[in-house]
Amino acid sequence: MNNGLHGRIALITGGSRGIGAAISRALAENGAAIAINYREGADQARKLADELVKTGASAITVQADVSQADAVAKMIQLVKYQLGEIDILINNAGIAITRGIDTLSEAEFDQTIAVNLKGVFLCTQAVLPMMRAKNWGRIINISSGAARGAGAIGPHYNASKAGVEGLTRGYAARLVKEGITVNAVAPSLIETDMMKGQESLVSRIPLGRFGRAEEVAKAVMMLIDNSYMTGQTVAMSGGMSFN
Ligand code: NAP
């Protein structure tokens with residue numbers, strides 16, 4: 001274990017599987033105590049926490065739907081009570097409902113914005129008082145290549161992730177003097193449950209394969225380590241696009 005983040009407490013939304021699980025592992029390997037949030041997959045979250053505890057890390061699981069303000073408030077209180085005040089927030093929880101422009105419903109649009117965009121706002125607002133009191137904080141928002149490019153999911157998803165990058169810059173500008181950095185990582189086509197059934201998309205990637213969740217986690221760790229970098233989006237797409 002590298003102890004660079006020893007004493008830091010991190011909350012990873014949607015940390016139970018996919019990209020969130022890789023980020024949870026990387027944070028734990030670097031010595032942070034971690035809270036793994038999930039919405040429904042309690043078993044998967046518990047299994048990951050057990051795996052990390054066996055390596056000597058501190059890890060808890062915490063259920064909450066990030067689109068619900070009350071649930072987010074309870075989650076933050078629980079993390080504070082069990083681990084302490086949060087230093088690092090990874091806004092990773094997200095959904096991808098693949099729809100064409102003729103089949104996208106209002107309910108699907110609203111649900112996507114509620115989880116992918118409002119969830120980032122709710123979690124950020126809830127942790128900020130703790131970070132501001134310490135004059136230190138790191139917030140990393142998981143965006144997507146779809147924030148700027150065509151994407152494969154649909155316009156509702158594009159809009160939600162473009163909004164996440166707007167929140168990233170808006171908070172970054174207002175928090176920079178308080179020791180809090182806010183950045184985004186924008187991956188495209190990472191091999192997780194979200195990409196199941198979408199294997200044909202590999203043909204779009206010049207590198208010739210999907211990205212790996214661990215590769216996204218490495219970009220997240222680089223941003224956590226850098227206090228001069230804020231308001232930025234780090235993109236990764238195997239050569240599909242260049243921002
Ligand atoms: P995934 O494998 O589908 O995992 C999604 C995670 O988010 C799960 O832990 C899930 O918890 C959680 N989650 C979903 N809705 C939630 C809610 N309302 N409240 C709390 N947790 C919720 O997805 P992934 O591929 O790792 O994606 C992670 C992030 O990266 C998302 O924001 C996604 O948009 C973004 N992203 C992914 C790709 C890609 O190609 N995979 C590309 C660009 C961006 P449960 O297991 O409990 O449901």
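Indexing begins at 1, ligand by ligand and atom by atom, following the structure's order.
- With hydrogens and angles disregarded, a donor-acceptor distance shorter than 3.5 Å links the side chain of N158 to the backbone of A146.
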Tabulating one pair per line, provide the atom names and distances (0.1 Å) for every N/O atom of ligand 1 that is less than 3.5 Å from a protein N/O atom.
residue  : atom   : partner : partner atom : Å
ligand 1 : 3 (O)  : R17     : NH1          : 3.4
ligand 1 : 9 (O)  : G14     : O            : 3.2
ligand 1 : 9 (O)  : S16     : OG           : 2.8
ligand 1 : 18 (N) : D65     : OD1          : 2.9
ligand 1 : 19 (N) : A64     : O            : 3.4
ligand 1 : 19 (N) : V66     : N            : 3.0
ligand 1 : 25 (O) : T192    : OG1          : 2.5
ligand 1 : 26 (O) : I19     : N            : 2.8
ligand 1 : 32 (O) : N92     : O            : 2.8
ligand 1 : 32 (O) : K161    : NZ           : 2.9
ligand 1 : 34 (O) : Y157    : OH           : 2.6
ligand 1 : 34 (O) : K161    : NZ           : 3.1
ligand 1 : 40 (O) : L189    : N            : 3.4
ligand 1 : 40 (O) : I190    : N            : 2.7
ligand 1 : 40 (O) : I190    : O            : 3.4
ligand 1 : 41 (N) : I190    : O            : 3.2
ligand 1 : 41 (N) : T192    : OG1          : 3.2
ligand 1 : 46 (O) : R17     : NE           : 2.6
ligand 1 : 46 (O) : R17     : NH2          : 3.3
ligand 1 : 47 (O) : R39     : N            : 2.9
ligand 1 : 47 (O) : E40     : N            : 2.6
ligand 1 : 47 (O) : G41     : N            : 2.7
ligand 1 : 48 (O) : R17     : NH2          : 3.3
ligand 1 : 48 (O) : R39     : NH2          : 3.3

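- A donor and an acceptor atom, one from each side chain of N91 and T124, are located under 3.5 Å apart.
- D87 places none of its side-chain heavy atoms less than 4.5 Å from the side chain of R138.
- Under the 3.5 Å distance criterion, with hydrogens and angles disregarded, no donor-acceptor pair is assigned to the side chains of Q44 and S16.
- With a 6.0 Å cutoff to the six-membered ring centre and a 45° limit on the axis angle, R132 does not count as a cation-pi contact of W136.
- Between the side chain of N116 and the backbone N or O of S160 there is no donor-acceptor pair closer than 3.5 Å.
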